[in-house]
**Q** 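Take a look at this one; I'll ask things after.
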Amino acid sequence: MASRSRAALTVLLLSSGLLAGCQGDVAPEQWADSVCVSVRTWQVKVGQLTKNAQDSMATAKNPHEAQQSLLGLLGGAEGASETARASVKGAGVPDVDKGAQFADQLAKAIGAARDAYGKARRTIEGLPTSEAKPFYDGVSTAMETLKQEYQPESADPAKLDSPELKKAFTTAQSCKSS
């Protein structure tokens with residue numbers, strides 16, 4: 001009998017937790033503010049990494065040096081993307097209709113960017129650097145694949161299909177253009 005009571009209590013607690021997880025726990029503007037900080041930080045970091053890689057590529061004397069520059073860019077972008085994804089997950093769930101779905105959608109989009117950067121990094125890491133033409137052909141293919149797999153618009157929080165979140169993204173202080 002006690003075992004049955006514990007089982008019923010466990011089911012009740014689990015179902016309460018699941019129901020609580022479906023409801024938003026963060027005000028929309030607060031969630032938008034946190035997400036905008038995360039996404040903006042991510043964009044700035046990837047922009048800095050891209051500029052650094054472009055500068056390094058301009059002075060690279062051989063495929064090995066070019067490879068190291070690209071690996072720095074792609075590995076850094078992969079890490080920055082994971083940090084942004086984790087920050088978005090850590091922002092909680094916005095208290096709007098389908099809030100959990102929107103939070104998950106955005107985190108998955110950033111996770112897809114992370115995965116695309118990681119795939120490109122692994123591809124370039126595996127390219128032989130002994131001959132320039134095959135190396136640069138491989139880089140071109142890897143970067144084209146990255147471009148196809150990473151759709152930046154899917155990671156744009158302002159494109160979430162929620163009137164409440166769209167309003168929150170226009171009013172949250174950190175979401176305003178500086």
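The structure displayed is predicted, hence computed values, not measured ones. The chain is numbered in sequence order, starting from 1.
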**Q** Kindly say whether Val37 contributes a backbone atom to a donor-acceptor pair with the side chain of Thr41 at under 3.5 angstrom?
**A**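 A pair under 3.5 Å: yes.
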**Q** Looking at every non-hydrogen atom in both residues, tell me the closest pair between Ala155 and Pro157 and how far apart they are.
**A**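 Looks like O-CD, 3.2 Å.
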**Q** How would you list, by chain and number, every residue that makes a side-chain contact (heavy atoms from CB on, under 4.5 Å) with Gln43, sequence neighbours excluded?
**A**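 For Gln43 the side-chain contact (heavy atoms from CB on, under 4.5 Å) partners, ignoring immediate neighbours, are Val39.
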**Q** Does the Trp31 side chain pair with the main chain of Gly92, one donor and one acceptor, at a distance under 3.5 Å?
**A**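 Flag set: sc Trp31 to bb Gly92 pair under 3.5 Å.
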**Q** What's the spacing between Asp161 CG and Lys98 NZ if we round to 0.5 Å?
**A**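 These two atoms lie 7.5 Å from each other.
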**Q** So, for Pro94 and Leu165, which heavy atoms are closest and what is the spacing to 0.1 Å?
**A**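 That closest heavy-atom pairing would be CB-CD2, 3.8 Å.
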**Q** Mind checking the CG-NZ spacing from Leu160 to Lys166? Nearest 0.5 Å is all I need.
**A**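 Between atom CG of Leu160 and atom NZ of Lys166 there are 8.5 Å.
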**Q** Which heavy atom of Phe102 sits nearest to which heavy atom of Val96, and what is that distance?
**A**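 Closest approach of Phe102 to Val96: CD1-CG2, 4.3 Å.
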**Q** Between Lys119 and Asp115, does any NZ, NE, NH1 or NH2 come within less than 4.0 Å of an OD or OE carboxylate oxygen?
**A**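 No salt bridge links Asp115 with Lys119.
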**Q** Working to the nearest 0.5 Å, report the span between OG1 of Thr141 and CG of Leu127.
**A**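 Rounded to the nearest 0.5 Å, the OG1-CG separation comes out at 8.5 Å.
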**Q** Is Asp95 reaching over with its side chain to a backbone N or O of Ala27, donor-acceptor style, under 3.5 angstrom?
**A**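 It does not hold such a pair.
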**Q** Taking all non-hydrogen atoms of both residues, which atom of Ala172 and which atom of Ala32 are closest, and how far apart?
**A**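 Closest approach of Ala172 to Ala32: CB-CB, 4.1 Å.
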**Q** May I have the step-by-step check of side chain to side chain contact (heavy atoms under 4.5 Å, CB included) for Lys89 and Asp104, ending in yes or no?
**A** CA-CA 7 Å; Lys89 288 295 268 188; Asp104 190 52; 3.6 Å; yes
**Q** What heavy-atom pair brings Thr123 and Ala142 nearest, and what distance separates the two atoms?
**A**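 Closest approach of Thr123 to Ala142, heavy atoms only: CG2-CB, 3.8 Å.
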**Q** Would you find a donor on one side and an acceptor on the other, under 3.5 Å apart, between the side chain of Gln30 and the backbone of Val26?
**A**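 Pair absent, no side-chain N/O of Gln30 close to backbone of Val26.
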**Q** Test Arg122 against Glu78 for side chain to side chain contact (heavy atoms under 4.5 Å, CB included), laying out the working first.
**A** CA-CA 11 Å; Arg122 288 185 301 278; Glu78 181 181 18; 4.2 Å; yes
**Q** How far does CG of Leu70 sit from CD of Glu125, to the nearest 0.5 angstrom?
**A**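 It comes to 12.0 Å.
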**Q** Any non-hydrogen side-chain atom of Glu65 less than 4.5 Å from a side-chain atom of Gln68?
**A**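 When only atoms from C-beta onward are counted, Gln68 and Glu65 do not touch, as no gap falls below 4.5 Å.
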**Q** If you take all heavy atoms of Val88 and Ala103, which pair is closest and at what distance?
**A**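 Taking Val88 first and Ala103 second, the nearest heavy atoms are CG1-O, 4.1 Å.
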**Q** Nearest 0.5 angstrom please: Tyr136 OH to Gln67 CD, how far?
**A**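 Going from the OH atom of Tyr136 to the CD atom of Gln67 covers 10.0 Å.
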**Q** How long is the gap from CD on Gln54 to OG on Ser69, to the nearest 0.5 Å?
**A**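 That separation rounds to 11.0 Å.
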**Q** Would a single hydrophobic cluster contain both Val35 and Val44, if residues Ile, Leu, Val, Met, Phe, Trp and Tyr are joined by side-chain heavy-atom contacts under 4.5 Å?
**A**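 As far as the 4.5 Å side-chain criterion goes, Val35 and Val44 are not connected within one cluster.
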**Q** Please work out whether the ring planes of Tyr117 and Tyr150 are parallel, tilted or perpendicular, with thresholds of 30° and 60°.
**A**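 Plane angle between 30° and 60°, so tilted.
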**Q** Starting from Ile124, can I reach Met57 by hopping between I/L/V/M/F/W/Y residues whose side chains sit under 4.5 Å apart?
**A**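 Looking at the clustering, Ile124 is in the same group as Met57.
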**Q** Under 3.5 Å, side chain of Arg85 to main-chain N/O of Ser81, donor-acceptor pair present?
**A**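 Answer holds: no.
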**Q** Counting N and O atoms only, with roles assigned by atom type, does the side chain of Ser174 sit under 3.5 Å from a partner on the main chain of Asp33, one being a donor and the other an acceptor?
**A**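 Such a contact is found between Ser174 side chain and Asp33 backbone.
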